[in-house]
Amino acid sequence: MHRWSQLFIPTLREAPADAEVASHKFLVRAGYIRQLAAGIYSYLFLGNRSFNKIMAIVREEMDKIGQEFYLPALHPRELWEASGRWSLIGENMFRLKDRKGADLCLGFTHEEVMTEIARKELRSYKQLPQIWYQIQTKFRDEPRPKSGLLRVRQFIMKDSYSFDIDAAGLDASYLKHRQAYKNIFDRCGLKYMVIEAHSGAMGGSQSEEFMVRTPAGEDQIVSCEKCDYAANMEKAISRLEPVSDLAAEGDGKPLLVHTPGMKTIEEVAKFLGVAPNNKIKTLAYVMEEKDKKSGKASTRPVIALMRGDHQLNETKLLTALAGKQTRLMQEEEIVQLFKSPAGFLGPLGVEWASNTNEADKPILLVDSALKGRTNLISGANKEDYHLKNVTPGRDFQPSAYADLRSVSAGEPCPKCGAPLRIDTAVEIGHIFKLGYKYSESMGARVLDKNGKEVIPIMGSYGIGIERILTAAVEQSNDENGFSLPLQIAPFDIVVTPTNVSDEKIRSAAENLACRLLEKGYDVLLDDRDERPGVKFKDADLVGIPFRVNVGKKVTDDTVEVVRRSTREIQDVSIAAIIEYFEQNLRPAR
RNA sequence: CGGGGAGUGGCUCAGCCUGGUAGAGCACCUGGUUCGGGACCAGGGGGUCGGAGGUUCAAAUCCUCUCUCCCCGACCA
């Protein structure tokens, strides 16, 4: 029997001054966690119990599709050099040296270790498919840990990796995970969304994220108010409302107009009496490339054209450039390329690469929203001048058209046309088809049916354990604390005798708690010699879903059952209490 | 890394401007009265004022350096 009086549950009346988001404040106040350093937390009794319940659910569902491993947290440098990520990851990786001076790192993730095992051990297609998972600590030296457990430097992650002989196999492994994840998050009692995700510049064909809406989140997600369309900002698209082109002026060819001092889209549009969507926005970036052989760094201009009222999404730009990093162009570089100061830039008068692979010439990427438009206004590459009658494809040739635009709230859903909404959310899980990235670079090979050597195809799938608890708290808090879903709460029921010095009350509570315990419920008996108000406040704070108040009504053989989530109070006779929970609690577990 | 804020008892904070050797509330310990939504009375314990250096007869307070934490931004396989 867990007796509150003997336990360490350090609840606080006030939140620590440095806590900002609800889950951080309440998890500290409720005695679940304590901070040790920036982004590093100790999990105390209640927190640990909750995490154990979450991990038990994850294990049960993962065991249906895969096998659990336990892997090292310390990795040798060589392992990470094999995949190329020792230098790629940079400062986000915790690195250390052993006594001999050899370089090690703390496990940032486990693709490398898993692939190393696969490389050494997998020989034949007959051994495939494999799904291996682990629930372990990851270390990331985040530049800015924040929001309590939401962004930390040490955290528990369930990650799994699938190895298949071909793409069809990967599809199957991916779908197995998708289903397992739904089972897990459903059982954890979370309201979540599955959204299309940007799969990263490093290959990967399909990717979805499991997101929980909360203002505490760091990600922006786009979803449809009517249908099931949902995607993250880097991936989201929308239908465009039709816009009207301007009529051609003069002979219809690009026409120079004087626009003194008009630099912004708004200024020019207003000055010329046109809508911003008739304007071309010209954004200048620089792509920095390294020659693979010589190692020499070189730069190459990348110009992105957007509709005047649209925003460029830099991740989409990155995708359009096959993962090559860009930075904004400096003023001197702009003048060098365009012979004009910023504010009057446009696509005419510069010789562009005919496609994105053609070297040496600047790349001109044009957002798809400009495709088919005519008689637009662009900068003239001449101070204080713009051009009218600019028509893409006629007056200039893009290197490529691409989707570069960030979706805005209210735009029509690409599937059904209903308005899209944008919310902040927390990512609790991510599944994606990795492809051959690690198996190829690290040299994993198996023989297929024909005795031919093939590279196994991989998938990678993660769940943030702490984020499940955090998201649950974010979803269910009120002014008194939070209310955890039954499945992940540290206890099912707290039994609260209102006065332990009243022998009748004390023994009735004791008795009742024992009976519930025997039935297999997780029961916490609040046997502290405290006033009722203190106990009620604490019980509300720590989020246990059910509370049984044992008070004066014991003389009538009656107790009260209080549901934390709804505040609903019900009198139940002591004789019927087991029956009550068998009906109201058991089915939810 | 850029910008902003904060380090004073376990927690929340006052004191700092204008130097004189540390306070409040909560928490904790003892005794008593209480006992259905964070009780009351009496007594008590606990702080090298983040650290180092400097100025001064004297530094929580002024100056310099440094460490840590939080927030915004950048970043985020």
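Here is how names work: the chains are called A, B, and so on, in the same order as the sequence lines, proteins then strands, and each is numbered from 1. Quick note: numbers below take in every heavy atom, side chains included, and nothing from hydrogens, waters or symmetry partners.
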query: Do the charged groups of A:E111 and A:K437 touch, with an N to O distance under 4.0 Å?
result: no
query: Can you tell me how far P of B:A27 sits from CZ of A:R29, to the nearest Å?
result: 13 Å
query: Sequence neighbours excluded, which residues qualify as salt bridge (Lys or Arg N to Asp or Glu O under 4.0 Å) partners of A:K138?
result: A:D159
- prompt: Quick one: A:Y461 OH to B:A77 P, roughly how many Å, whole number?
  reply: 19 Å
- request: Applying side-chain contact (heavy atoms from CB on, under 4.5 Å), name anything that partners A:Q220, two or more places apart in sequence or on another chain.
  value: A:M233, A:I422, A:T424
- prompt: A:Y438 or A:G39: which one's nearest nucleotide on RNA chain B is closer to the 5' end?
  reply: A:G39
message: So if I apply the salt bridge (Lys or Arg N to Asp or Glu O under 4.0 Å) rule between A:E208 and each of A:K235, A:R178, A:K182, A:K433, which one comes out positive?
response: A:R178
message: The criterion is salt bridge (Lys or Arg N to Asp or Glu O under 4.0 Å); which residues satisfy it with A:E81, sequence neighbours excluded?
response: A:R77
message: When the C1' atoms of B:G2 and B:G45 are compared, how many Å lie between them, rounded to an integer?
response: 47 Å
message: Taking only the P atom of each, what is the distance from B:U30 to B:C71 in whole angstrom?
response: 38 Å
task: Compute whether any side-chain donor of one residue and acceptor of the other, for A:S5 and A:D527, lie under 3.5 angstrom apart.
output: yes
- request: Quickly work out the A:I9 CD1 to B:A27 P distance and round it to whole Å.
  value: 18 Å
query: From B:C75, B:A77, B:C70, pick the nucleotide closest to the side chain of A:E20?
result: B:C70
- request: Produce a footprint string for nucleotides 8-15 of chain B: one letter per nucleotide, 5' end first; B if the base is under 4.0 Å from any protein heavy atom, S if only the sugar-phosphate is, - if neither.
  value: ---SSS--
query: Along nucleotides 30-37 of chain B, 5' to 3', which nucleotides get a B, which get an S, and which get a -, given that the test is a protein heavy-atom distance under 4.0 Å?
result: ----BBBB
query: Which value, in whole Å, describes the distance between the P atoms of nucleotides B:G51 and B:U61?
result: 10 Å
- prompt: Can you name the residues that form a salt bridge (Lys or Arg N to Asp or Glu O under 4.0 Å) with A:R13, not counting sequence neighbours?
  reply: none
- line: So salt bridge (charged side-chain N to carboxylate O under 4.0 Å, His left out) across residues 16-45 of chain A, not counting sequence neighbours, yields none
- request: Could you measure between the two P atoms, the one in B:A77 and the one in B:G5, and give it in whole Å?
  value: 31 Å
- request: In whole angstrom, give the distance that lies between atom CD of A:Q35 and atom C1' of B:A6.
  value: 14 Å
List, with names and distances, any nitrogen or oxygen atoms from the protein found under 3.5 Å away from nitrogen or oxygen atoms belonging to nucleotides 43-45 of chain B.
none

- request: Mind calculating the distance between NZ (A:K146) and C1' (B:C72) to the nearest angstrom?
  value: 8 Å
- request: Could you tell me which nucleotide pairs with B:C1 by Watson-Crick or G-U wobble geometry, both distances under 3.5 Å, or answer none if nothing does?
  value: B:G73
- line: Of B:C75, B:C69, B:C26, the nucleotide closest to the side chain of A:R13 is B:C26
- request: Please find out if less than 6.0 Å separates the ring center of A:Y461 from that of A:F432.
  value: no
field: Euclidean distance for P, B:G15 against B:A24 (whole angstrom)
entry: 15 Å
field: Sequence neighbours excluded - salt bridge (charged side-chain N to carboxylate O under 4.0 Å, His left out) pairs with any residue from residues 529-538 of chain A
entry: A:R528-A:D538
- request: Go ahead and name the base partner of B:G37; Watson-Crick or wobble counts if both distances stay under 3.5 Å, otherwise write none.
  value: none
message: I'd like the C1' distance from B:G19 over to B:C57, given in whole Å.
response: 12 Å
message: What is the separation between atom CZ on A:R144 and atom P on B:C72, rounded to the nearest whole Å?
response: 5 Å
task: Can you tell me the distance, in whole Å, between the CD1 atom of A:I40 and the P atom of B:C69?
output: 8 Å
message: So A:M93, base contact, sugar-phosphate only, or nothing? Heavy-atom distance under 4.0 Å.
response: nothing
- prompt: A:P497 near the nucleic acid: base, sugar-phosphate alone, or nothing, with a heavy-atom cut-off under 4.0 Å?
  reply: nothing
task: Could I get the full list of salt bridge (Lys or Arg N to Asp or Glu O under 4.0 Å) partners for A:D403, not counting sequence neighbours?
output: A:K316
query: Paired with B:G23 by Watson-Crick or G-U wobble geometry, both distances under 3.5 Å: which nucleotide is it?
result: B:C13
task: Taking atom C1' in both B:U8 and B:U21, compute the distance separating them and give it to the nearest angstrom.
output: 14 Å
query: When you compare B:U68 with B:A52, how far apart are their P atoms, in angstrom units rounded to a whole number?
result: 16 Å
task: Provide the Watson-Crick or G-U wobble partner of B:G43, both distances under 3.5 Å; none if there is no partner.
output: B:C29
message: Considering every strand and a 4.0 Å limit on heavy-atom distances, what is the contact class for A:T496: base, sugar-phosphate, or nothing?
response: nothing
field: Residue pairs involving residues 459-476 of chain A (criterion salt bridge (charged side-chain N to carboxylate O under 4.0 Å, His left out); sequence neighbours excluded)
entry: none
- request: Can you tell me the distance, in whole Å, between the CD atom of A:E91 and the C1' atom of B:A74?
  value: 13 Å
- prompt: Under the side-chain contact (heavy atoms from CB on, under 4.5 Å) test, which residues partner A:A30, sequence neighbours left out?
  reply: A:Y32, A:F482, A:L541, A:V542
message: Could you check whether the side chain of A:R528 and the base of B:G38 have a donor-acceptor pair of N or O atoms closer than 3.5 Å, going by distance alone?
response: no
task: Answer yes if the side chains of A:H110 and A:Q134 hold a donor-acceptor pair under 3.5 Å, and no otherwise.
output: yes
task: Please determine, for B:A52, whether a Watson-Crick or G-U wobble partner exists with both distances under 3.5 Å, and give it or none.
output: B:U64
